[in-house]
Amino acid sequence: MSNEIIWILFAIFNFSLLIIFYRIFGKMGLFVWIGIATVIANIQVLKTVELFGLTATLGNIIYGSAYLATDILNEKYSKDDAKKAVWLGFSTLIAMTVMMQIALVFEPGQSDFAQGSLETLFGLIPQIALGSMAAYIISQYFDVWIYDKIRKVLPQTKYLWIRNNVGTMLSQLLDTIVFCSIAFYGQYPFDVWLEIFITTYVIKFVVALIDSPFMYIAKFMHKKE
């Protein structure tokens with residue numbers, strides 16, 4: 001099975017799982033999902049794959065699902081709930097980073113086989129870690145803000161796809177600018193940096209398109225809440 005087919009199925013699986021969390025646990029399920037998504041996305045991003053002729057990192061799908069979760073909170077509950085979820089995800093990311101850095105300090109036992117792998121996964125270059133956290137908090141806060149602004153101008157349900165897509169696509173663009181500028185600028189020649197920037201955003205753009213049907217499904221769940 002090709003990477004492209006696996007990637008599409010993986011996207012459907014991730015967004016479906018988010019909807020299941022929401023269906024079973026309601027608003028709390030969205031908060032939990034955002035915590036999960038921020039941690040897993042920052043692990044998956046370390047793996048690169050070939051997709052549609054482009055070199056891309058994993059993690060973009062589940063990272064994109066965090067935007068869907070905050071959009072659902074913004075749409076059905078309040079902007080304050082969405083902001084709280086953003087800070088929850090940010091705090092989870094910081095906690096995971098600190099705890100794993102401390103875990104790496106321990107001297108491994110003679111029979112240990114995991115230290116090297118853990119160092120590869122969590123011995124993050126500070127510049128990349130800083131880029132990831134800065135991009136997350138800036139772009140997610142922007143997403144909450146722009147979604148609320150669009151909803152005030154186009155409040156009808158028929159414009160839900162506009163609120164969801166425009167907000168997420170602009171936020172993902174901002175996320176890519178911040179992350180690539182902090183993490184990679186100066187590390188590569190400008191033409192290589194620009195290629196990384198473009199391919200990263202193209203993948204995120206496609207993910208934003210895929211999540212639209214799931215936004216509509218979530219819209220009509222838990223109406224009594």
Side-chain angles (χ1 to χ4, degrees), residues 11-12 14-38 41 60-93 132-182 197 200-225:
I12 294 172
N14 273 266
F15 289 124
S16 297
L17 198 57
L18 165 59
I19 294 300
I20 291 171
F21 264 62
Y22 181 47
R23 181 69 182 87
I24 296 174
F25 303 110
K27 180 167 69 172
M28 186 57 63
L30 297 175
F31 281 97
V32 171
W33 181 268
I34 288 172
I36 293 172
T38 52
N60 291 322
I61 292 174
I62 194 163
Y63 187 64
S65 71
Y67 287 86
L68 175 60
T70 54
D71 284 353
I72 295 171
L73 287 167
N74 209 341
E75 175 70 25
K76 300 193 66 177
Y77 301 98
S78 71
K79 184 169 69 172
D80 288 339
D81 281 321
K83 286 182 177 179
K84 186 184 297 183
V86 170
W87 281 111
L88 173 64
F90 185 68
S91 301
T92 303
L93 180 57
S132 177
M133 288 188 285
Y136 173 83
I137 195 66
I138 292 172
S139 64
Q140 282 279 14
Y141 242 77
F142 177 79
D143 182 58
V144 172
W145 176 80
I146 194 66
Y147 189 98
D148 184 65
K149 293 297 182 184
I150 296 173
R151 184 176 56 184
K152 288 177 180 177
V153 177
L154 302 170
Q156 297 91 340
T157 299
K158 66 180 179 179
Y159 295 123
L160 178 61
W161 67 275
I162 295 179
R163 299 196 289 273
N164 176 231
N165 283 323
V166 173
T168 300
M169 289 172 181
L170 289 177
S171 302
Q172 291 280 35
L173 177 60
L174 180 59
D175 177 271
T176 307
I177 291 172
V178 174
F179 177 73
C180 289
S181 296
I182 295 176
F197 171 81
T200 300
Y201 182 64
V202 166
I203 297 297
K204 290 180 178 180
F205 187 91
V206 174
V207 171
L209 289 176
I210 294 173
D211 80 6
S212 294
F214 298 94
M215 183 68 183
Y216 277 91
I217 293 172
K219 171 71 174 178
F220 298 103
M221 283 185 181
H222 301 295
K223 286 188 175 181
K224 291 183 180 179
E225 290 186 348

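Note that this is a predicted model, so its numbers are computed, not measured.
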For Ser65, the side-chain hydrogen bond (donor to acceptor under 3.5 Å, both in side chains) test, sequence neighbours excluded, returns Trp33
Report yes if the side chains of Phe179 and Thr200 come closer than 4.5 Å at any heavy-atom pair, otherwise no. no
Any residue meeting side chain to side chain contact (heavy atoms under 4.5 Å, CB included) with Ser212, in chain and number order, not counting sequence neighbours: Asn164, Asn165
Taking every heavy atom of Ser171 against every heavy atom of Phe142, the minimum-distance pair comes out as OG-CD2, 3.5 Å
With the side chain counted from C-beta on, respond yes when Ile146 and Ile150 share a heavy-atom pair under 4.5 Å apart, and no when they do not. yes
Between Val207 and Asp211, is a side chain to side chain contact (heavy atoms under 4.5 Å, CB included) present by the stated rule, with each step listed? CA-CA 6 Å; Val207 171; Asp211 80 6; 5.7 Å; no
How close do Tyr67 and Ser139 get, counting heavy atoms only, and between which atoms? OH-OG, 2.5 Å
What pair of heavy atoms forms the shortest contact from Ala208 to Thr168, and how long is it? CB-CG2, 3.7 Å
Hey, what do you get for CG (Asn74) to NZ (Lys83), rounding to the nearest 0.5 Å? 9.5 Å
Indicate yes or no: at least one non-hydrogen side-chain atom of Phe197 is less than 4.5 angstrom from one of Ile177. yes
Tyr136 (side chain) donor-acceptor with Val86 (main chain) under 3.5 angstrom: yes
Heavy-atom side-chain proximity of Met215 to Glu75 below 4.5 angstrom: yes
Phe31 CZ to Thr92 OG1 distance, which is reported to the nearest 0.5 Å: 11.5 Å
What distance separates Ile210 CD1 from Ile61 CD1, expressed to the nearest 0.5 Å? 6.5 Å
To the nearest 0.5 angstrom, please state how far the CD1 atom of Ile217 sits from the CD1 atom of Ile72. 9.5 Å
Separation between CD1 of Ile62 and OG1 of Thr38, rounded to the nearest 0.5 Å: 9.0 Å
Would you name the heavy atoms of Lys27 and Tyr22 that are closest together and state the gap between them? N-CE1, 4.0 Å
Less than 4.5 Å apart, side chain to side chain, heavy atoms only: is that true for Phe205 and Asn60? no
With the side chain counted from C-beta on, respond yes when Leu209 and Met169 share a heavy-atom pair under 4.5 Å apart, and no when they do not. yes
Can you check whether Val32 reaches Phe21 side chain to side chain, under 4.5 Å on heavy atoms? yes
Tightest non-hydrogen contact, residues Ile19 and Ala218, listed as CD1-CB, 3.8 Å
If I take atom OG1 from residue Thr176 and atom CD from residue Gln172, how far apart are they, to the nearest 0.5 angstrom? 6.0 Å
Atom pairs and distances, side-chain donor-acceptor, residues 152-162, under 3.5 Å, sequence neighbours left out:
| residue | atom | partner | partner atom | Å |
| --- | --- | --- | --- | --- |
| Lys152 | NZ | Asp148 | OD2 | 3.3 |
| Trp161 | NE1 | Lys158 | O | 3.3 |

Side-chain touch Asp175/Tyr201, heavy atoms, less than 4.5 angstrom: no
Do you know which two heavy atoms are closest between Phe214 and Ile12, and how far apart they sit? CZ-O, 4.0 Å
Side chain to side chain contact (heavy atoms under 4.5 Å, CB included), that's the test. Do Leu18 and Leu30 meet it? Break it down for me. CA-CA 7 Å; Leu18 165 59; Leu30 297 175; 3.7 Å; yes
